[in-house]
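Chain letters run A, B, ... following the sequence lines, proteins first and then strands; every chain starts at 1.
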Amino acid sequence: MPGHLLELYHQLLDKFGPQHWWPAETEFEVIVGALLTQQTRWESVEQAIENLKAQSLLTPDALADADKGTVEECIRCTGFYRQKRERLQLLSQYFSRNGVSKILERPVDELRKELLSQKGVGPETADSIILYAAHKPVFVIDAYTKRICECLGITGGYETLQRYFEDSLPGDVSLYQEFHALIVAYAKQYCTKKRCDECIIV
DNA sequence: CACCAGGTTGACC
DNA sequence: GGTCAACATGGT
């Protein structure tokens with residue numbers, strides 16, 4: 001019985017309040033954060049972003065040309081720092097060559113395909129960039145969302161779950177942003193790998 | 001000390 | 001098409 005997602009959204013909003021997710025001064029900062037946040041705590045990403053800012057490396061041009069050791073030092077705290085450094089600089093080159101807003105303004109389908117062709121950018125990272133930097137309504141499916149979908153009896157791969165959310169909700173950017181953040185807030189507390197308590201969603 | 005975190009890739013079936 | 005180790009640090 002689909003159609004319960006909007007109800008779930010309001011339940012979570014009542015319980016946790018607005019999350020105002022992905023605070024960032026620029027779109028490029030969102031892009032960098034999206035890459036760095038892979039398989040790490042957000043607090044580590046904030047630290048890394050701060051480090052990059054202190055070195056004035058938070059622009060595509062600066063980051064693309066920056067010294068490798070310097071970049072690795074800045075992002076070490078996010079883990080996988082060698083491959084993330086490589087991928088971050090390749091991504092910076094790409095945005096530097098074509099222009100951040102020029103790229104983000106492209107039609108969603110085209111944009112998604114382009115992002116996915118970049119090394120280190122998979123579906124979740126691409127969709128995070130589209131939703132939080134390009135401000136277009138694609139629903140981000142992360143590990144927490146997958147976990148909650150299991151509770152809801154929704155099975156399938158990334159695209160399947162994404163279609164389910166997008167088909168069940170109005171295509172609204174703010175709604176997608178908040179809902180995604182609320183799912184994470186909820187799952188972190190009540191639907192961890194070890195336990196699934198007080199499940200308000202079933 | 002073991003396990004986990006806002007994933008992606010390339011190898012292998 | 002799906003599964004899986006590798007990638008690396010820091011927190012609980």
Side-chain angles (χ1 to χ4, degrees), chain A residues 8-9 12 16-24 27-52 68-92 94 112-135 137-151 154-163 165 173-197 201:
Chain A
L8 171 61
Y9 167 70
L12 293 176
F16 295 97
Q19 302 294 301
H20 311 299
W21 238 24
W22 226 302
E27 289 164 340
F28 187 64
E29 187 176 327
V30 176
I31 293 162
V32 170
L35 196 310
L36 290 181
T37 198
Q38 293 171 182
Q39 200 63 33
T40 340
R41 294 169 150 57
W42 177 252
E43 295 71 41
S44 304
V45 177
E46 286 183 313
Q47 178 63 255
I49 297 267
E50 205 177 295
N51 297 340
L52 290 168
K68 295 180 183 178
T70 305
V71 178
E72 289 185 359
E73 202 47 50
C74 289
I75 69 171
R76 179 183 304 274
C77 56
T78 67
F80 306 141
Y81 65 94
R82 277 183 278 249
Q83 59 172 31
K84 278 181 181 174
R85 195 274 312 158
E86 164 91 38
R87 293 167 178 183
L88 208 47
Q89 292 199 290
L90 288 171
L91 197 61
S92 297
Y94 162 67
R112 191 166 196 273
K113 233 179 265 177
E114 281 252 348
L115 291 172
L116 286 175
S117 73
Q118 305 302 312
K119 194 174 279 184
V121 179
E124 182 179 338
T125 305
D127 289 337
S128 296
I129 292 172
I130 296 172
L131 181 61
Y132 292 99
H135 309 287
V138 299
F139 206 90
V140 177
I141 306 296
D142 57 20
Y144 293 121
T145 312
K146 287 173 193 160
R147 221 181 278 168
I148 281 180
C149 280
E150 276 187 45
C151 296
I154 307 160
T155 55
Y158 190 98
E159 322 286 338
T160 306
L161 299 184
Q162 183 174 54
R163 228 179 304 116
F165 275 83
V173 174
S174 298
L175 171 63
Y176 284 13
Q177 292 182 343
E178 278 299 321
F179 200 1
H180 173 220
L182 285 165
I183 286 173
V184 174
Y186 168 78
K188 270 183 175 167
Q189 201 167 346
Y190 300 113
C191 189
T192 65
K193 284 207 165 166
K194 293 201 160 183
R195 57 183 173 69
C196 187
D197 307 335
I201 65 173

Worksheet item: Mind checking whether A:Arg112 and A:Asp127 have side chains closer than 4.5 Å, heavy atoms only?
Response: yes
Worksheet entry | B:dA5 phosphate, OP1 or OP2, under 4.0 Å from A:Arg147 side-chain N/O | yes
Worksheet item: When the distance from CG of A:Asp127 to C1' of B:dT8 is rounded to whole Å, what number comes out?
Response: 14 Å
Worksheet entry | Position toward the 5' end of DNA chain B (nearest nucleotide), A:Val121 or A:Trp42 | A:Trp42
Discussion item. Within the 4.5 Å heavy-atom criterion, are A:Tyr9 and A:Leu182 side-chain neighbours or not?
Written reply: yes
Discussion item. Nearest whole Å is fine: how far is B:dT9 C1' from A:Leu88 CG?
Written reply: 17 Å
Worksheet entry | Between A:Phe139 and A:Phe179, ring centroids under 6.0 Å | yes
Worksheet item: With a 4.0 Å cut-off on heavy atoms, is A:Gly122 in touch with a base, just the backbone sugar-phosphate, or nothing at all?
Response: sugar-phosphate
Worksheet item: Within this structure, what is the CD1-to-P distance between A:Ile141 and B:dT8, rounded to whole angstrom?
Response: 12 Å
Discussion item. The criterion is salt bridge (charged side-chain N to carboxylate O under 4.0 Å, His left out); which residues satisfy it with A:Glu114, sequence neighbours excluded?
Written reply: A:Arg106
Practice prompt. Report the distance from atom CD of A:Gln189 to atom P of B:dA5, rounded to the nearest whole Å.
Written response: 15 Å
Fill in: Integer-rounded Å distance: B:dT8 P and A:Leu90 CG
16 Å
Item to complete: Could you measure between the two C1' atoms, the one in C:dC7 and the one in B:dA5, and give it in whole Å?
Response: 14 Å
Do any N or O atoms of the protein come closer than 3.5 Å to N or O atoms of nucleotides 10-12 of chain C, and which pairs are they?
residue	atom	partner	partner atom	Å
C:dG10	N2	A:Arg41	NH1	3.3

Fill in: Minimum-distance nucleotide (side-chain atoms of A:Gln83 versus B:dT8, C:dC7, B:dG6)
C:dC7
Item to complete: Could you list the residues that satisfy side-chain contact (heavy atoms from CB on, under 4.5 Å) with A:Lys68, not counting sequence neighbours?
Response: A:Arg85, A:Gln89
Discussion item. For a quick test of reading the model: is some side-chain N or O of A:Tyr81 closer than 4.0 Å to OP1 or OP2 of C:dA8?
Written reply: no
Worksheet entry | Rounded interatomic separation in angstrom, taking CH2 from A:Trp22 and P from B:dG6 | 11 Å
Worksheet entry | Distance, P atom - from C:dA6 to B:dG6, rounded to whole angstrom | 23 Å
Worksheet item: Is any side-chain N or O of A:Thr125 closer than 4.0 Å to OP1 or OP2 of B:dT8?
Response: yes
Fill in: With sequence neighbours excluded, residues passing salt bridge (charged side-chain N to carboxylate O under 4.0 Å, His left out) with A:Arg87
none
Worksheet item: Who pairs with A:Ser44 by side-chain hydrogen bond (donor to acceptor under 3.5 Å, both in side chains), at least two apart in sequence or on another chain?
Response: none
Worksheet entry | Close approaches to DNA chain B from residues 27-39 of chain A, in residue order (heavy atom, under 4.0 Å) | A:Thr37, A:Gln38, A:Gln39
Response to the item:
Taking for A:Lys188 and for A:Gln118 the nucleotide of DNA chain B with the nearest heavy atom, the one nearer the 5' end belongs to A:Lys188
Discussion item. Enumerate the salt bridge (Lys or Arg N to Asp or Glu O under 4.0 Å) contacts for residues 179-192 of chain A, please, sequence neighbours excluded, ordered by first and then second residue.
Written reply: none
Fill in: Candidates B:dA5, B:dG10, B:dT8 - which lies nearest the side chain of A:Lys119
B:dG10
Discussion item. Please report the distance, rounded to the nearest Å, between CD1 in A:Ile129 and P in B:dG7.
Written reply: 14 Å
Worksheet item: Mind checking what makes salt bridge (charged side-chain N to carboxylate O under 4.0 Å, His left out) contact with A:Glu29, not counting sequence neighbours?
Response: A:Lys53
Worksheet item: Mind checking what makes salt bridge (charged side-chain N to carboxylate O under 4.0 Å, His left out) contact with A:Glu73, not counting sequence neighbours?
Response: A:Arg76
Worksheet entry | Between B:dG7 (P) and A:Lys84 (NZ): distance, integer Å | 9 Å
